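Worksheet: the structure to be examined is printed underneath.
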Amino acid sequence: MEEVTEAVNNLSVNDSHKKNRIQVSNTKKPLFFYVNLAKRYMQQHNEVELSALGMAIATVVTIAEILKNNGLAIEKKIMTSTVDIKDESRGRPIQKAKIEILLGKSEKFDELMAAAAEERGDDAEGDEHS
């Protein structure tokens, strides 16, 4: 979990100052790193925006589907676009596909997260259970 916290603190936020955006790469981190980070963002902000370019789009879709299929998230919005990226080797811009998926907490999110925390042995609510 410290790795997740470190990533949250070091996350570079560009084009808009959204604190709940995760820019996914399909090479830098394992899939479940992003799944767990998205859960934490939803706890803090009630929603999370997953964003990816090119080949990482499949990873973002997979993350969104895992969260939805586990009953943690609902799909609020999906945006697709094409962006121009300057290719240093060719010296001309290339177009890349971009996807942004906005997920919100499901009605059962807090209940499911509390149950998962209880299973692990740590208490998400901070309450004492006897």
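Fair warning: this is a prediction, and the values are worked out from it, not measured in the lab. Positions are given from 1, in the same order as the sequence printed here.
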Quiz item: Can you tell me how far the NZ atom of Lys96 sits from the CE atom of Met55, to the nearest 0.5 Å?
Solution: 8.5 Å
Quiz item: What pair of heavy atoms forms the shortest contact from Ser51 to Lys98, and how long is it?
Solution: OG-CE, 3.8 Å
Quiz item: Roughly how far, to the nearest 0.5 Å, is CG of Leu112 from CG of Asn70?
Solution: 8.5 Å
Quiz prompt | Side-chain touch Ile63/Ile101, heavy atoms, less than 4.5 angstrom | solution = no
Quiz prompt | Partner of Leu72 under side-chain contact (heavy atoms from CB on, under 4.5 Å), chosen from Leu67, Leu103, Ile66 | solution = Leu67
Quiz item: Do Leu37 and Val48 belong to the same hydrophobic cluster, where Ile, Leu, Val, Met, Phe, Trp and Tyr are linked whenever their side-chain heavy atoms lie under 4.5 Å apart, directly or via other members?
Solution: yes
Quiz prompt | Heavy-atom pair with the smallest gap, counting every atom of Lys39 and Phe109 | solution = O-CZ, 3.5 Å
Exercise. Please indicate whether Lys76 has more than 12 foreign heavy atoms, meaning atoms of other residues, nucleotides or ligands, lying under 6.0 Å from its NZ.
Key: yes
Practice problem: Using a cut-off of 6.0 Å, state whether more than 12 heavy atoms not belonging to Met79 lie near its atom CE. | Solution: yes
Quiz item: Distance from Leu53 atom CG to Asn26 atom CG, nearest 0.5 Å?
Solution: 10.5 Å
Quiz item: Any link between Val35 and Phe33 through a network of hydrophobic side chains (Ile, Leu, Val, Met, Phe, Trp, Tyr) touching at under 4.5 Å?
Solution: yes
Self-check item: salt bridge (charged side-chain N to carboxylate O under 4.0 Å, His left out) involving Lys105 - partner list, sequence neighbours excluded
Solution: Asp110
Exercise. Kindly work out whether a path of hydrophobic side-chain contacts (I/L/V/M/F/W/Y, heavy atoms less than 4.5 Å apart) joins Met42 to Ile78.
Key: yes
Quiz item: Is it true that Ile74 and Val61 fall in one hydrophobic cluster, defined by side-chain heavy atoms closer than 4.5 Å?
Solution: no
Quiz item: Out of curiosity, does Val83 fall in the hydrophobic cluster containing Ile99 (side-chain heavy atoms, cut-off under 4.5 Å, transitive links)?
Solution: no
Quiz prompt | Shortest non-hydrogen separation from Tyr34 to Gln23 and the atoms involved | solution = CE2-O, 4.2 Å
Self-check item: Shortest non-hydrogen contact from Leu50 toward Ala38
Solution: CD2-CB, 4.4 Å
Quiz item: Can you name the nearest heavy-atom pair linking Lys108 to Gly71, along with the distance?
Solution: CB-O, 4.5 Å
Quiz item: Do the side chain of Asn20 and the main chain of Glu47 share a donor and acceptor less than 3.5 angstrom apart?
Solution: yes
